[in-house]
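To start, the structure under review is shown below, and the notes come after it.
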Amino acid sequence: MNSQAPNDVQSEFRLIELCQKQNPEAFGKFVDLYQARVFGFVRRMVTDAEDAADITQEVFIRAFQSFSRFDGRSQVKTWLFKIAHNLCIDRSRKVNRTLGTSSLESSGEDLEVRELADESAIPEQLVLNDELKGVVEAAILEMSDKLRAVLLLHDQQDVGYDEIADLLSIPVGTVKSRLFLARNFVQSRLSAYMNPSVK
Amino acid sequence: MKENQAGDQVKNSGSIPFGGMPEDLDAALNAPSQLQVSQFVKGLNADEPNLVWRSELNQKLLAAQRKVTWWKRIRIISPALGIPAAGALALVLVFHVHSSRPANVSTATASVTIEDSILSVHSEVTADREVTGDSLDAHQTTRDATGDLSFENEPSDL
């Protein structure tokens with residue numbers, strides 16, 4: 001996905017130019033290109049599917065309104081994910097305020113460090129079937145927003161370390177450590193699933 | 001190669017020390033167990049929003065576009081119309097101020113002048129009649145600077 005053909009890059013560049021001029025047709029194509037990726041990210045960042053759909057719509061509306069301000073310094077997908085991430089965090093804060101619970105953002109990291117996986121418990125040739133997918137999905141939902149965002153952006157959306165650091169306004173080292181912890185958290189859940197007797 | 005060795009070291013060490021991070025984070029991230037999780041995450045089902053969602057988005061985008069177009073028009077039109085509009089406004093204000101002030105005064109003076117003039121014409125005619133009698137016409141009398149009446153063609157021997 002990162003290695004786009006030159007023609008693809010040129011056509012995307014042209015598409016972005018047209019979108020910056022508020023061309024509705026071009027923006028329609030832009031939505032076609034990115035809707036699945038943005039929705040895939042948002043749906044795993046927020047638990048409610050309806051909220052995810054609303055947030056994804058809001059991402060594209062904001063992108064349309066502020067496309068003229070997109071300076072091209074970062075990739076357009078990074079810019080889109082930044083909008084999506086900010087909206088997810090806003091929504092998460094709102095939900096927490098309503099429910100009167102502590103912020104999801106602040107939870108998890110310390111806990112997750114203590115839950116480092118016993119790697120030997122997971123067979124290397126493990127095939128990801130539907131059941132395991134469920135375990136992985138549940139683990140992703142269970143971890144903190146901070147870890148989840150980095151894991152999804154890097155491993156699912158192929159966003160590089162530097163771009164994630166720029167997107168989340170954190171150092172690259174922090175991106176790497178969060179990714180490591182997030183993967184370890186998933187691993188710990190997989191280990192528990194594979195070996196229920198071992199805690 | 002080096003990364004793989006380091007990755008193996010992380011893997012062979014069993015687990016990461018409690019509460020700490022591996023020294024070589026890049027190597028740790030390239031450990032097979034970490035890459036396996038990465039593959040799992042990548043392999044998760046890709047979701048795509050449905051057509052209803054897309055239709056709703058199109059409507060919202062249309063509304064947003066109208067809003068943007070409206071603002072664009074204002075932005076484009078305002079500099080072009082700004083100077084003439086400001087000029088026109090200034091003219092209106094200037095004329096309004098000028099016309100409103102003297103208007104009050106002139107209305108007042110106009111009403112005084114008409115009444116005064118009617119009165120003065122009446123008193124002049126009356127005075128002329130009193131002084132000259134019916135034999136002289138009004139145009140045959142003149143007033144001096146003090147306002148006293150004198151007679152033209154006044155006989156010198158009187």
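Chain naming here is simple, since letters A, B, ... match the order of the sequence lines and numbering starts at 1 in each. Note: hydrogens, waters and symmetry copies are ignored here, and every other heavy atom, side chains too, is used.
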To the nearest 0.5 Å, atom CD of Q35(A) lies from atom CH2 of W53(B) at 5.0 Å
Give a yes-or-no answer on whether the side chains of K42(B) and Q156(A) include a donor-acceptor pair shorter than 3.5 Å.
no
Would you name the heavy atoms of Q22(A) and Q65(B) that are closest together and state the gap between them?
O-NE2, 4.2 Å
For the CZ atom of F40(B) and the CG atom of L190(A), what is their distance to the nearest 0.5 Å?
6.0 Å
As a quick check of understanding, evaluate side chain to side chain contact (heavy atoms under 4.5 Å, CB included) for L44(B) and I140(A), giving each step before the final call.
CA-CA 11 Å; L44(B) 291 175; I140(A) 289 172; 3.6 Å; yes
Residue selection (most heavy-atom pairs with chain B, distance under 4.5 Å) from H154(A), E137(A), K176(A):
K176(A)
Under 4.5 Å from a heavy atom of chain A, the part of L57(B) involved:
both
Is it the case that atom CG in L89(B) sees more than 12 heavy atoms from other parts of the structure closer than 6.0 Å?
yes
Treat each ILVMFWY residue as a node, draw an edge where side-chain heavy atoms are under 4.5 Å apart, and state whether V136(A) and M194(A) are in one component.
yes
Go through Y161(A), F60(A), F39(A) and name the one with the most non-hydrogen pairs under 4.5 angstrom from chain B.
F39(A)
Decide yes or no for Q187(A) and Q34(B): does some side-chain heavy atom of the first lie under 4.5 Å from some side-chain heavy atom of the second?
yes
What is the minimum heavy-atom distance between A64(B) and Q65(A), and which atoms define it?
CB-NE2, 3.9 Å
If you tally heavy-atom pairs under 4.5 Å against chain A, which of K60(B), R54(B), E56(B) wins?
R54(B)
Closest approach of G173(A) to L25(B) (non-hydrogen atoms, all atoms of both residues)
O-CD2, 3.9 Å
Taking side chain as everything from C-beta outward and backbone as N, CA, C, O, which of these in N45(B) sits under 4.5 Å from a heavy atom of chain A? Side chain, backbone, both or neither.
both
So, R183(A) side chain and L29(B) main chain: donor-acceptor pair closer than 3.5 Å or not?
yes
Max heavy-atom pair count under 4.5 Å with chain B, selected residue of R44(A), Q57(A), E58(A):
Q57(A)
Cluster question for you: counting only ILVMFWY and a side-chain heavy-atom cut-off of under 4.5 Å, with indirect links fine, are L18(A) and F67(A) together?
no
